[in-house]
Amino acid sequence: MNNKSSKHTKVLILGSGPAGYTAAIYASRAMLKPILVYGSQPGGQLSTTTDVENYPGYSKAIQGPWLMEEMKRQAETVGTEMIQDHINKVDLSSKPFKATGDSGNTYTADTLIISTGAQARWLNLESEQNYRGFGVSACATCDGFFFKDKEVAVVGGGNAAVEEAMFLTKFASKVKLVHRRNKLRAEKLLQEKLKENKKIEIIWDSVVEEVVGTSDPKNVKAIKIKNTKDNKTNELKVDGLFIAIGHDPATSLFKNQLEMDKEGYLITKPDSTITNIPGVFAAGDVKDKIFRQAVTAAGMGCMAALEAEKHLSEN
């Protein structure tokens, strides 16, 4: 029996996170009856974040998964249809836009809001994943505050790693920057600033082999690093480890259809979520590699819904 279906909507939202859910809330309140399709990790990066202390409106720390669940409920309450499916193909060459899921179902839409987000690259060590959220982080602006007067390490050699290391010196007593080569990729100006900072020590030609810590309570205590030149390993005492080796935006679906930069982030018009295809909008970390905050993603989700509404009323 063939139970594959096709659904049509005025606004199709791909991806759930602060951007997708906020877009859904605004589109629903505009009576556009949006459909939001979410994948295997509803809530995006925030669903793996424990304490959130910088989202406005909450005086005490809140949990990332709880915040996402509340946003999802709010979007449903105002009339968003939520569907779990993994979209494997999109066709933006003609209207209505068409998306196809692993389920075999197709979704057609007059406007499309892309909020598929990005993922931090990890070292992919078992010990790193074990301490994720317990001293291992991929976001200094999110978690730096928790390391006041403590020693931390940052892994990476590009602009992001140098910026994270500099930012962490506001809180940490010492920051060790671990880089696998003997020179940084970061801009020269940033490198100068880094070298002037007395709190930062660079550990060259080294890779992190293991994160060492306690289990009850779960805390990072040290990292094992290996020198790539002589293969010697030693242990660095640190209270936290920040991974800053880049992010990958979830944009492979849109290659050769939407304009993106060399790293794969979708390009939108300035102060807007409009892409190079009229009626297609991009919001959140899928297009933002600068701020990467829940609140900026939510703001863009709002913009995308309002721009989609304007597009629909004009066409």
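Side chains are part of it too, since the values below use all heavy atoms of this structure and drop only hydrogens, waters and symmetry mates. Bear in mind the structure is a predicted one, so any value in this text is a computation, not a measurement.
Ile35 and Tyr38 fall into different hydrophobic clusters, where Ile, Leu, Val, Met, Phe, Trp and Tyr side chains are chained together by heavy-atom contacts under 4.5 Å. Hydrophobic cluster membership differs between Val155 and Val207, with clusters built from Ile, Leu, Val, Met, Phe, Trp and Tyr side chains linked at under 4.5 angstrom. One hydrophobic cluster, built from ILVMFWY side chains closer than 4.5 Å, holds both Leu32 and Tyr21. Both Val154 and Ile200 belong to a single network of hydrophobic side chains, linked directly or stepwise wherever heavy atoms of I, L, V, M, F, W or Y lie under 4.5 Å apart. Both Leu253 and Leu258 belong to a single network of hydrophobic side chains, linked directly or stepwise wherever heavy atoms of I, L, V, M, F, W or Y lie under 4.5 Å apart.
Judged by distance alone, the side chain of Ser5 and the main-chain N or O of Asn105 form no donor-acceptor pair under 3.5 Å. Remark: side-chain polar atoms of His86 are not paired, donor with acceptor, to backbone N or O of Asp102 under 3.5 angstrom. Using modelled atom types, one side-chain atom of Thr111 and one backbone atom of Lys10 make a donor-acceptor pair closer than 3.5 Å. Under a 3.5 Å cut-off, the side chain of Glu128 and the backbone N or O of Val136 do not form any donor-acceptor pair. Between the side chain of Arg121 and the main chain of Gly246, no donor-acceptor pair closer than 3.5 Å is present. Formation of a donor-acceptor pair under 3.5 Å by the Asn227 side chain with backbone atoms of Lys232 is not found in this model. Under the 3.5 Å distance criterion, the side-chain polar atoms of Thr22 are left unmatched by any main-chain donor or acceptor of Gly301. Judged by distance alone, with hydrogens and angles left aside, the side-chain atoms of Thr80 form no donor-acceptor pair with the main-chain N or O of Met82 at under 3.5 Å. Of the possible donor and acceptor atoms, none in the side chain of Gln257 sits under 3.5 Å from a partner among the backbone N and O of Lys255. The closest donor-acceptor contact from the side chain of Ser115 to the backbone of Leu14 lies under 3.5 Å.
To the nearest 0.5 Å, atom NE2 of residue His179 and atom OG of residue Ser206 are 10.5 Å apart. Rounding to the nearest 0.5 Å places NZ of Lys95 at 10.5 Å from CG of Leu112. Rounded to the nearest 0.5 angstrom, Trp66 CH2 and Met71 CE are separated by 9.5 Å. The line from CG of Leu67 to CG of Leu46 is 6.0 Å long, rounded to the nearest 0.5 Å. Annotation: the span from Met260 atom CE to Thr275 atom OG1 amounts to 10.0 Å, rounded to 0.5 Å.
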- Item | Residue pair Glu307, Lys310: steps toward the side chain to side chain contact (heavy atoms under 4.5 Å, CB included) verdict | CA-CA 5 Å; Glu307 289 184 308; Lys310 186 168 186 275; 5.5 Å; no
- Could you walk me through whether Lys269 and Asn276 pass the side chain to side chain donor-acceptor pair (under 3.5 Å) test, one step at a time? CA-CA 8 Å; Lys269 288 185 180 167; Asn276 60 302; over 6 Å; no
- Dump the intermediate steps for salt bridge (Lys or Arg N to Asp or Glu O under 4.0 Å) on Glu70 and Arg73, then the final yes or no. CA-CA 5 Å; Glu70 286 293 298; Arg73 281 200 195 117; 3.0 Å; yes
- Begin with the C-alpha distance, continue with both residues' side-chain angles, and end with the deciding distance and a verdict on side chain to side chain contact (heavy atoms under 4.5 Å, CB included) for Leu12 and Ile113. CA-CA 6 Å; Leu12 177 64; Ile113 295 174; over 6 Å; no
- Worked verdict on Thr233 versus Glu209 for side chain to side chain donor-acceptor pair (under 3.5 Å): CA-CA 9 Å; Thr233 54; Glu209 294 258 278; over 6 Å; no
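Residue Lys221 qualifies as enclosed at atom NZ: its count of foreign heavy atoms under 6.0 Å is above 12. Atom CD of Glu314 sits in a crowded spot, with more than 12 heavy atoms from other residues, nucleotides or ligands closer than 6.0 Å. Atom NZ of Lys72 sits in a crowded spot, with more than 12 heavy atoms from other residues, nucleotides or ligands closer than 6.0 Å. The environment of NZ in Lys33 is sparse: at most 12 heavy-atom neighbours from other residues, nucleotides or ligands sit within 6.0 Å.
Summarising the geometry of Gly39 relative to Pro42, their closest heavy-atom pair is O-CD, 3.6 Å, with the distance given to 0.1 Å. Taking each heavy atom of Pro96 and Asp110 in turn, the nearest pair found is CB-OD1, 4.3 Å.
Looking at Asn159, Val162, Leu190 one by one, the single match for side-chain contact (heavy atoms from CB on, under 4.5 Å) with Leu184 turns out to be Val162. Exactly one residue among Lys237, Lys176, Lys199 makes a side-chain hydrogen bond (donor to acceptor under 3.5 Å, both in side chains) with Glu151. That residue is Lys176.
Using a cutoff of 4.0 Å between basic side-chain nitrogens and carboxylate oxygens, Lys60 and Glu53 are not scored as salt-bridged.
In terms of the disulfide (SG to SG under 2.5 Å) criterion, residue partners of Cys142 (sequence neighbours excluded) are, by chain and number, Cys139.
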